[in-house]
Amino acid sequence: MVLAGSEDFLRDREKQRLIQAAWTNGYQVIHATDQSQVDDEVSQVGVIAIDPLLIVAQGWKPDLSDDVPDNVSYLVVLDGDKLPDLPKIAKTSVYTRGATRRDRKQAAEKFCSLEAKRYGLTLANGLDEAIVNLTGDDLGVVAWEMFKVAALARAKSTVQITSELISQTIRMAVTTPDLSALVESLGNRDGKALARILARFGRGDDPTMLLLRSKGGPVDATLTWLRIADQGG
């Protein structure tokens, strides 16, 4: 099996799916870094190996000219859209990232619908384009945002993704918050103003503050440093 292409997210997700399938079916999985490691593993198959073996070669092509033992399989993962010479028996999949912005946007919109279907959901008309307008065309980002929307849909016991669900998840994650008041109060050492701003963030009045309020986020870090400064007098 050979996976290749410039669309890293789809290629690597398929790699993980195949590896998981191999584990589920009792394969031993070896991540080989060079040809010598492949040769060592294959040479031992007929002697001590009991379980079938999957050899994963990431970013390079092993020598496949020799006969492969029946219980050994290869998963070759290559960068780029051009495939090297491969045995005719190889099953290949190439995931190509669009060359133009339009191509990438259209591919991301189609991907939204496929992700919704993957979670057993449907998208209201036109929302695939709306989601991509918010997230951009990086499929990894789109997949993560669709995961969040799908989780909320399940929590609300609905099978259709609506604009309301999107506004409660994706928008708050991608909207850039205005931190100018926070920065100004810190620069002026205005403790009262800073306290009011942090209290507003904490109450969640502004939904774009979700990430900032999270553990380890800017607000959390600011509060930690303020407590340290207070303890230090």
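FYI, the numbering just counts along the sequence from 1.
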When you measure from the side chain of Ser6 to the backbone of Asp81, do you find a donor-acceptor pair of N or O atoms at a distance under 3.5 Å?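 Here the side-chain-to-backbone pair does not exist.
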Identify which one of Ile161, Thr158, Val149 satisfies the side-chain contact (heavy atoms from CB on, under 4.5 Å) criterion when paired with Leu121.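 The residue from Ile161, Thr158, Val149 that satisfies side-chain contact (heavy atoms from CB on, under 4.5 Å) with Leu121 turns out to be Ile161.
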Testing the basics here: between [X] and [Y], what is the closest heavy-atom pair and its distance to 0.1 Å?
| X | Y | answer |
| --- | --- | --- |
| Ala57 | Pro62 | CB-CD, 3.8 Å |
| Lys148 | Thr169 | O-CG2, 4.1 Å |
| Ala4 | Leu83 | CB-CD2, 3.5 Å |
| Arg101 | Asp137 | O-OD2, 4.4 Å |
| Thr33 | Gln37 | N-OE1, 2.9 Å |
| Gly136 | Val142 | O-CG2, 3.5 Å |

Hey, what do you get for [atom1] ([X]) to [atom2] ([Y]), rounding to the nearest 0.5 Å?
| X | Y | atom1 | atom2 | answer |
| --- | --- | --- | --- | --- |
| Cys112 | Glu109 | SG | CD | 7.5 Å |
| Ile166 | Ile131 | CD1 | CD1 | 4.0 Å |
| Ser36 | Glu41 | OG | CD | 10.5 Å |
| Leu10 | Leu114 | CG | CG | 9.5 Å |
| Thr96 | Lys82 | OG1 | NZ | 12.0 Å |

Tell me the side chain to side chain donor-acceptor pair (under 3.5 Å) pairs involving residues 8-19, sequence neighbours left out? Asp8-Arg11, Arg11-Asp79, Arg13-Glu115, Glu14-Arg17, Lys15-Gln58
Same cluster for [X] and [Y] if Ile/Leu/Val/Met/Phe/Trp/Tyr side chains link at under 4.5 Å?
| X | Y | value |
| --- | --- | --- |
| Tyr27 | Leu75 | yes |
| Phe111 | Val132 | no |
| Leu165 | Tyr119 | yes |

So, do [X] and [Y] sit near enough that their side-chain heavy atoms are less than 4.5 Å apart?
| X | Y | result |
| --- | --- | --- |
| Leu127 | Gln160 | no |
| Val38 | Tyr74 | yes |
| Val2 | Lys61 | no |

Report the residues that fulfil salt bridge (charged side-chain N to carboxylate O under 4.0 Å, His left out) with Glu129, sequence neighbours left out, ordered by chain and then residue number.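 Here the qualifying residues are Lys105.
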Got a sec, which residues hit salt bridge (charged side-chain N to carboxylate O under 4.0 Å, His left out) with Lys117, two or more places apart in sequence or on another chain? none
Are more than 12 heavy atoms, taken from residues, nucleotides or ligands other than Asn125, located less than 6.0 Å from that residue's CG atom? no
Checking Asp190 against Ser185: is there a side-chain donor and acceptor pair closer than 3.5 Å?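 No.
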